[in-house]
Every structure is written in structure tokens, then in C-alpha cells.
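The next block holds one structure in the form of C-alpha cells; read it before the comments.
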Amino acid sequence: MLFTLPQLLLSQVRKSGHITYVASLDISSLGNYLVKAPKAHKSQINETLNNNKNIKYILTFNSVSSSFSKEAKMKKDTKKGGINITELKAGSGVYFFDKIKKENLLQKNSFGENFLILIPESKWKITREKKMIGKYLCYKAITEKTIEGRKGVKK
């Protein structure tokens, strides 16, 4: 995957705006898997990969809030069971950040109803590892997440 959803941050340079991100799947890493896949599954795998499309996401922000979501498009008629792997990996839903309330929310649709999920604030640690990206000096930041699921707690 060439794209991951960023934490929603406000721009320090501009006070408001829109930024478009494109999510795409790098299928070159699947090369060995496709060679080793059973013949019976190859056509199904190729059909799924051919159904895979790039997806646009929009970050809209101002000085106090931001939202991040998939670009709204009309749905096309597709083959039954067509899965877009890029969308599965990049995610769906609408992310909201409110600087005043210090809230991170995710709006997810389930069974035709929208739910708001409060995302806990991440504690970031800035490391000494740095890299030039274009003309900007960037430092690596890390955080830990604890996830509780059916198989217990994972960090």
C-alpha cells in the first residue's frame, strides 16, 4: 500500500484549505504470491486485482477543525462481489478533529446507520532520526496503541 491514513493535523502555514490524497495499491509485492498461488485461485486473484482502483481522499481544514474522508462519487455498476483492495486497506469513514474540544472522532456507517467513535489521543514521541523531504527537515515521531480484541490485548 502506498498510502496510509495520516493523523489529522492542522496546517501551521495555511489557516484553511483542502488537500487531496490518492491511495493506490502497490501490487509488485504480490509477485511471489501470484506465482505460488494454486491455478484454481489465479483467475479469482487476477479479477480482484483488475477491480482494484485508486481512491481519492480529501482533507479539509481550518484553524480549529479538520475532516478527512473518501471523495464522494456516484457508484458504478460493477460485477457482483467486486472488491477494491485499496479501499479495504486505506479505510473508509469520515475522520474529524476538533482542536478546541481536543477530540478525534471517526464516523462509520454500519447496517445503514452512522456511528461516531471517539478515538483516544495519541501520545507522540519525537525521535532524533531525521530526513530531508523536499526542502523540509523532518523528524520521526512514534506512538504506541493498545488494541483489545477477541484474542486479548496487543500493543
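Numbers here simply count residues along the sequence, with the first being 1.
Here the side chains of Ile142 and Lys140 are in contact, with some heavy-atom distance below 4.5 Å. In this structure, the side chains of Leu59 and His18 stay at 4.5 Å or more apart for every pair of heavy atoms. Side chains of Glu103 and Leu118 form a contact here, defined as non-hydrogen atoms less than 4.5 Å apart. Between Tyr57 and Ile19 there is no side-chain heavy-atom pair separated by less than 4.5 Å. Counting heavy atoms from C-beta outward, Val153 and Ile147 have side chains that stay 4.5 Å or more apart. Side-chain contact between Lys15 and Asn62 is absent, with no heavy-atom pair separated by less than 4.5 Å. Side-chain contact check for Glu121 versus Lys123: some heavy-atom pair is nearer than 4.5 Å.
One finds the OG1 atom of Thr20 at 7.0 Å from the CD atom of Glu71 (value rounded to the nearest 0.5 Å). How far CG of Leu137 is from NZ of Lys131: 12.0 Å, rounded to the nearest 0.5 Å. Annotation: the span from Ile100 atom CD1 to Lys102 atom NZ amounts to 11.0 Å, rounded to 0.5 Å. Between Leu116 atom CG and Leu105 atom CG the span is 5.5 Å, to the nearest 0.5 Å. One finds the OG atom of Ser65 at 6.0 Å from the CG atom of Asp98 (value rounded to the nearest 0.5 Å). The distance from the CD atom of Gln107 to the OG atom of Ser67 is 10.0 Å, given to the nearest 0.5 Å.
At a threshold of 4.5 Å between side-chain heavy atoms, the hydrophobic network of Ile, Leu, Val, Met, Phe, Trp and Tyr places Tyr139 and Met132 in one connected group.
With Phe68 as the partner, the ring-ring contact (aromatic ring centres under 6.0 Å, His included) test is satisfied by one option alone out of Tyr21, Phe96, Phe97: Tyr21.
No side-chain donor-acceptor contact under 3.5 Å links Ser122 to the backbone of Trp124. Judged purely by atom type and a 3.5 angstrom limit, Thr127 has no side-chain atom pairing as donor or acceptor with the backbone of Ala141.
Between Lys108 and Ser92, the closest heavy-atom pair is NZ-OG, 3.4 Å.
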